[in-house]
Amino acid sequence: MSRSLLRTISIPIAAVVFGLVIGAILILTQNASPGTAYKALLVGGAGDSDAVLRTLQKATPLIFGGLAVAFAFKAGMFNIGGQGQLLVGAVFAAGVGFGIDGLPLVIHLPVALLAGGIAGAVWGGIAGTLKATTGAHEVIVTIMLNFVAGNLTDWLAANPWKDNSGSNIVARTPLVEDSAVIPTFGAVPVGFLLAVITAITCWMILERTTFGFEVKSVGNNRHAADYAGIRVGRIMALTMAVAGLLAGLGGAVESLGVDGRFEAGVNVGLGFEGITIALLARANPLGVVPAALLVGLMEAGAARMQFKAGVAPELIDVIQALILFFVAAPIILRWVLRMRHDASEQLQLGAGWGRS
Amino acid sequence: MSEILLGAHDVSKRFPGVLANNQVSLQLERGRILALLGENGAGKSTLVNILFGMYRPDEGHVIIKGERVDLRGPDDAISRGIGMVHQHFQLVPPMRVVENIVLGAEPVLRGLVDLGEARRRVIELSRRYGLEIDPDAVVEDLPVGMQQRVEILKALYRNADVLIMDEPTGVLTPQEADHLLGVLRELTQTGLGVVFITHKLREVLAVADDIVVLRNGEVVGQTTPGETSENGLAEMMVGRSVMLRVDKSVAEPGDVVLELEKLSVEDDRGQIALNEVSFEVREGEILGVAGVEGNGQRELVEAITGLRGLSSGLMKIGSDEFTSGSTRQIAEKGVAHIPEDREKHGLIGVYSLEENSVLNRYHRKPFSLRGFLRRDVIKRHAEGVVDEFDVRTPSTSVPASSLSGGNKQKLIVGREFSDDIDLLVAAQPTRGIDIGAIEFIHRRILDQRDKGTAVLLVSAELDEILGLSDRIAVLYDGELMDVLDAEDSNREKIGLLMAGITDSKSSA
Ligand SMILES: Nc1ncnc2c1ncn2[C@@H]1O[C@H](COP(=O)(O)OP(=O)(O)O)[C@@H](O)[C@H]1O
Ligand SMILES: [Mg+2]
């Protein structure tokens, strides 16, 4: 068991190490010191309680976004729609957050979170239902829905839900009521705890429930799932709805815990990072948490790295891209590490490609 | 003694944990067919892969035309006149026949592939060997038998004088298989030597000049068809005497369990695959469905088990009538299904034996409770199945893909038999598995019958149909030709019906 766990995590860990090593070479070419730069990155991301808070806040939506991709992977589907699902989740959570007045926190906050989750679930569910009923490929549909979500949320923030206080000209909603703001325990935002609990729940669902069994059966062998009496289309639709729910919660946590409102353009890109996270976690919901923490730490520490070592913060994007590259192309790592090829560690990406 | 084309001298090959070949020696003479016989895992493929340069032997060496060689790869073997047709074809499905044949050895004109010349050569080749083929057909549109012919032509195009064929008949219908044996015979007339791998005894006796039997990587016998019999060969292969024919008692049919009334079913392309078929299966009897593959058997099985909708007609299981039904609804009526394609439908390769042992039962008590799987109960269930059905595996937590074909099939049979069932639909239940496992599964199917289960057995192996069935239905082109009692049917009678010839029926 522990040996197989070791095998499973060896590729992501090697990918991170290789990404950092090549990153160090790039830092050297900028006439900076990799030691100073990485130390600054670490201090900036975990050096004090403020830094930890920043890292955890950055990691929170990444966990949700990563889960949204990882969960869909399990049913053999590639959810590129995390961005759109996250946006609708963020805007509807904010809508409920500022639109309702006078509720106690224990009711208002859960309702606002739920609104975001449901909005995301609807967004994901549309793609899943289209796949189940017409065979429309989820990659195409979710990409298109990302555009729809982008425009819809921009419009909401610029028109009916616009913040009209003072001289605001930005497309953004008003601040949410205090009763809808996610509180913080010391350096730990409650949203992060929620994300970790959600990750554990996803793992439980996949490994311990009949629904999870159905999801994985569809992902691994759709024909056998059909033979086993599983309604394949229904599972696909449901899985995408769950994936959307997860991304939608991520958006809700951003609105209610970090920004305090929805603002057009602020969350762009967040949903796509979920793909990086899910790949780095090899689609394991429990692996999503450390993967998101790592990426969150790098993003939280980037500013200090620039300040202390004079290294452009874009280097972080380069390192992330390198890590993703090595995770997605493990052959290179295997060759360097002289590891034997082992089918069991292989990750099936978008098993839906090329099949109807 | 004529020229020896190919030989192995004391060849050994070790894989992690197994000695796949242990000091194996053999010789192939010009103009002869050498049959290599052995159960799954005996080391046949390993041996021919060594002869073809795909693996290097750990010990011993290969001899080609009297010369001791150290093959550096398949290219090396091909350039020395060895050709091989693999168990799984190595063709490019969307490309045309001629392109497939010349691929890698194309005639070139001014830097471009000279397709005209290639076509000419391919046509000339197929004439010379009597292997008719349309050079412009797209490979994926061809039936399997024709695809195999393309593989043979590929080898001949490269001037092979030894042709190695790894289990070539496994994928063929009985007719195609017979035809292939004839082709191999003719090829030897032109001076080729053939190494022919199989585990089908009848084929060996029909076509081989020399027979080498492998077991656990060792040569356990060398003989000729004149000196042995099916039973003799089976005993050498398995290492103990085996029952090639299960003996069975007389059936005691009871109530009707499955009744089809004018059932019509379409295939994947929307063509009628099964046309107004009516028959019934009773408790305690085995109804065998014979027919050349592709005459509606698959659609019949899929319709009965709920994998495919009915286009018209009615199906009665017990007292319930169905004009449409899901796999789950039908399974709940006590219908078990051994699917034709165990990799596609029967198992999920990455799942453990435990998960596979409840693949279509996970949602029921006692395997789950309020939506949660009960891993401990499932594990005990899997251990029971593995024990009772003799599934050879180091543990129940390994993935099903690690099992051999026979053990995969035993796992499926064990799963399907682990419940009380009223109707068993068994499609090709022993395809591609070894004699020991076949014997075992046949025994279990008969036991089910004797317990009062109604059994619908669909098989492309006529011997299997004849050996197990109490009554035999023959399908041809989606029509039910006739249903015969097993006592008054034989190979010839069924064979005619399988070819769509009903004279015997009208004259009777
Ligand atoms: N590439 C391989 N790696 C490890 N073990 C192998 C490999 N190929 C074959 N084996 C093992 O060697 C034995 C003989 O296999 P094979 O030659 O394929 O048998 P056959 O063709 O007679 O069914 C089996 O136990 C099989 O599992
Ligand atoms: Mg083999």
Side-chain angles (χ1 to χ4, degrees), chain A residues 1-5 7-8 73-76 132 135 200-235 238-239 242 282-284 339-349 351 354-356, chain B residues 16 268 301-302 305-308 325-333 335-352 354-365 367-376 378 395 397-402 412 415-416 425 427:
Chain A
M1 180 65 211
S2 68
R3 241 188 85 199
S4 80
L5 181 69
R7 279 198 82 84
T8 320
F73 266 154
K74 294 290 178 180
I200 295 169
T201 308
C202 283
W203 181 84
M204 289 278 289
I205 289 174
L206 287 167
E207 296 305 317
R208 293 281 177 261
T209 69
T210 54
F211 175 61
F213 189 84
E214 292 170 331
V215 168
K216 289 187 296 174
S217 299
V218 169
N220 285 311
N221 181 346
R222 177 181 317 181
H223 302 286
D226 196 10
Y227 162 89
I230 294 166
R231 284 154 70 193
V232 174
R234 185 170 160 270
I235 293 297
L238 271 176
T239 300
V242 171
R282 304 192 74 75
N284 182 331
M339 265 170 63
R340 242 166 42 84
H341 179 76
D342 180 352
S344 69
E345 52 168 282
Q346 218 156 51
L347 181 63
Q348 279 265 320
L349 297 190
R355 292 195 221 149
S356 59
Chain B
D268 292 335
V301 167
E302 292 186 350
T305 54
L307 284 168
R308 187 179 288 272
S326 69
T327 36
R328 180 145 306 164
Q329 275 173 337
I330 287 173
E332 304 287 331
K333 300 290 170 212
V335 179
H337 177 197
I338 301 173
E340 157 181 347
D341 188 336
R342 58 179 164 265
E343 315 281 343
K344 184 175 171 190
H345 285 119
L347 294 170
I348 295 186
V350 298
Y351 273 6
S352 67
E354 286 157 29
E355 291 165 312
N356 275 296
S357 77
V358 294
L359 187 61
N360 46 10
R361 292 181 172 69
Y362 64 92
H363 58 291
R364 285 196 217 156
K365 280 181 193 167
F367 306 123
S368 61
L369 198 65
R370 286 185 218 96
F372 280 85
L373 296 172
R374 297 173 65 192
R375 294 266 168 193
D376 48 336
I378 293 173
S395 104
S397 58
V398 299
S401 56
S402 70
I412 292 172
R415 175 182 73 212
E416 296 304 303
V425 180

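Quick note on labels: first sequence line is chain A, next is B, and so on, each numbered from 1. The structure presented is a predicted model; accordingly, all values stated were derived computationally and were not measured.
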Counting N and O atoms only, with roles assigned by atom type, does the side chain of A/N221 sit under 3.5 Å from a partner on the main chain of B/K344, one being a donor and the other an acceptor? yes
Between A/A224 and B/I348 the two heavy atoms that sit nearest each other are CB-CG1, 3.7 Å
Those residues at least two apart in sequence (or on a different chain) that pass ring pair (Phe, Tyr, Trp, His ring centres under 6.0 Å) with A/Y227 are B/H337
Ranking A/E214, A/R231, A/M204 by heavy-atom pairs under 4.5 Å to chain B gives rank one to A/E214
A/D226 side chain to B/L307 backbone, donor-acceptor under 3.5 Å = no
Here the pair of heavy atoms bringing A/E207 nearest to B/R375 is O-NH2, 2.5 Å
What one should report as the nearest heavy-atom pair of A/G229 and B/T327 is CA-OG1, 3.1 Å
Sorted by chain and residue number, the side chain to side chain donor-acceptor pair (under 3.5 Å) partners of B/D376 (sequence neighbours excluded) come out as none
Ring-plane angle category for A/F213 and B/Y362, please: parallel below 30°, perpendicular beyond 60°, tilted otherwise. tilted
Okay, B/F367 and chain A: the region with an atom under 4.5 Å from a heavy atom over there is neither
All heavy atoms of B/E355 vs all of A/K216, minimum pair found to be OE2-NZ, 4.1 Å
Bottom line for B/R342: the part with an atom under 4.5 Å from chain A's heavy atoms is neither
If one checks every heavy atom of B/L347 against chain A at 4.5 Å, the contacting part turns out to be backbone
Here the pair of heavy atoms bringing B/L373 nearest to A/T210 is CD2-CG2, 3.8 Å
* Give the C-alpha distance, both sets of side-chain angles, the deciding distance and a yes or no for side chain to side chain contact (heavy atoms under 4.5 Å, CB included) between B/R328 and A/I230. => CA-CA 8 Å; B/R328 180 145 306 164; A/I230 294 166; 4.2 Å; yes
